[in-house]
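Structure record follows, encoded as structure tokens.
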Amino acid sequence: MKDNTWLDKWNERYTHEEFVYGTAPNNYLEEQLKKLKPGTILFPADGEGRNSVYAASEGWKSYSFDISEQGRHKALQLAEKNGVMIDYQVGELQTLNYYDEQFDVIALIYAHFPGDIKSLIHQLLNQYLRKGGFIIFEAFSKKHLDYVTKNEKIGGPKDIESLFSIEEIKADFPDYSIIELQETEIELQEGLFHNGTGSVIRFVGQKQ
């Protein structure tokens with residue numbers, strides 16, 4: 001799933017003293033969680049923990065994973081500062097000890113995995129979501145390549161395979177009632193690495 005170059009990139013990025021995507025939650029996540037009753041929630045590729053810590057502060061039982069030990073270190077610092085607990089594991093998804101139908105919500109917020117495994121990751125995550133549970137998803141679309149070429153400060157992958165399309169989301173999550181699925185242009189202001197105009201896919205689906 002990963003090579004050392006991929007792991008080194010994230011460990012190096014998270015060695016910044018600053019939280020590189022800020023400490024405030026993602027706006028779309030915050031908006032969607034307010035509509036739901038708190039329960040168990042999983043944050044894949046959670047980085048420095050801004051989203052899982054927010055969810056925990058709102059009464060959710062927050063679980064996270066990432067490949068970066070440095071990300072986990074900063075996430076636990078943030079959780080302590082906010083007086084909450086998160087369950088944060090480090091490793092590849094298939095090596096972690098989650099179980100079928102464990103979660104009420106899975107929040108994929110800029111969880112960009114390498115193109116050759118991203119659908120596999122989504123299929124594994126689907127198993128861990130209970131029937132009636134929700135996927136909340138925001139990540140850069142394939143059109144985003146044009147945006148990041150013009151403005152590197154917006155961030156995001158520079159290979160089209162790691163970016164998303166509406167068709168891919170429909171294919172990866174076929175057994176879902178679609179509450180929202182759109183490609184849209186948004187303004188991001190998240191820490192050091194998400195700043196400017198970008199193109200994203202937003203998806204909320206309920207597992208049938």
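Keep in mind that this is a model prediction, so the values were computed, not measured.
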Is [Y] close to [X] at the side-chain level, that is, under 4.5 Å between some pair of heavy atoms?
X: Tyr63; Y: Asp46; result: no
X: Ser52; Y: Ile86; result: yes
X: Arg202; Y: Ile186; result: yes
X: Val204; Y: Tyr28; result: yes
X: Leu129; Y: Ile135; result: yes
X: Asp87; Y: Lys61; result: no
X: Lys35; Y: Gln32; result: yes
X: Gln89; Y: Asn97; result: yes

Using a cut-off of 6.0 Å, state whether more than 12 heavy atoms not belonging to [X] lie near its atom [atom1].
X: Gln77; atom1: CD; value: yes
X: Gln208; atom1: CD; value: yes
X: Glu152; atom1: CD; value: no
X: Lys143; atom1: NZ; value: no

Can Val200 and Thr184 be said to form a side chain to side chain contact (heavy atoms under 4.5 Å, CB included), step by step? CA-CA 6 Å; Val200 300; Thr184 188; 3.8 Å; yes
Under a 3.5 Å threshold, yes or no: a donor from one side chain and an acceptor from the other, between [X] and [Y]?
X: Glu180; Y: Gln182; value: yes
X: Glu138; Y: Asn27; value: no
X: Glu185; Y: Ser199; value: no

Restricting to non-hydrogen atoms, name the atom on [X] and the atom on [Y] that form the minimum distance, rounded to 0.1 Å.
X: Leu145; Y: Asp159; answer: CD2-N, 4.2 Å
X: Pro114; Y: Ser162; answer: CA-OG, 4.0 Å
X: Gly91; Y: Ile67; answer: O-CG2, 4.0 Å
X: Val148; Y: Gly155; answer: CG2-O, 3.6 Å

Treating Ile, Leu, Val, Met, Phe, Trp and Tyr as nodes and any side-chain heavy-atom pair under 4.5 angstrom as an edge, say whether Ile109 and Tyr88 lie in one connected cluster. no
For residues 138-174, pull every pair meeting ring pair (Phe, Tyr, Trp, His ring centres under 6.0 Å), keeping only residues two or more places apart or in separate chains. Tyr110-Phe140, His112-Phe140, His112-Phe164, His122-Phe164, His122-Phe173, Phe137-Phe164, Phe140-His144, Phe140-His194, Phe173-Tyr176, Phe173-Phe203
Asp175 with Lys207: basic N within carboxylate O range, under 4.0 Å: no
Applying side chain to side chain contact (heavy atoms under 4.5 Å, CB included), run through Leu33 and Glu58 and close with a yes or a no. CA-CA 9 Å; Leu33 285 189; Glu58 293 294 307; 6.0 Å; no
Full working for side chain to side chain contact (heavy atoms under 4.5 Å, CB included) between Tyr98 and Leu93: CA-CA 9 Å; Tyr98 304 123; Leu93 177 58; 4.0 Å; yes
Let me see the working for Leu36 and Trp60 under side chain to side chain contact (heavy atoms under 4.5 Å, CB included), right down to the final yes or no. CA-CA 10 Å; Leu36 301 175; Trp60 291 82; 3.9 Å; yes
For the residue pair Phe113 and Phe65, does the interplanar ring angle fall in the parallel (under 30°), tilted (30 to 60°) or perpendicular (over 60°) class? parallel
So, taking the atom named OG in Ser62 and the one named CE in Met85, what distance separates them when rounded to the nearest 0.5 Å? 11.5 Å
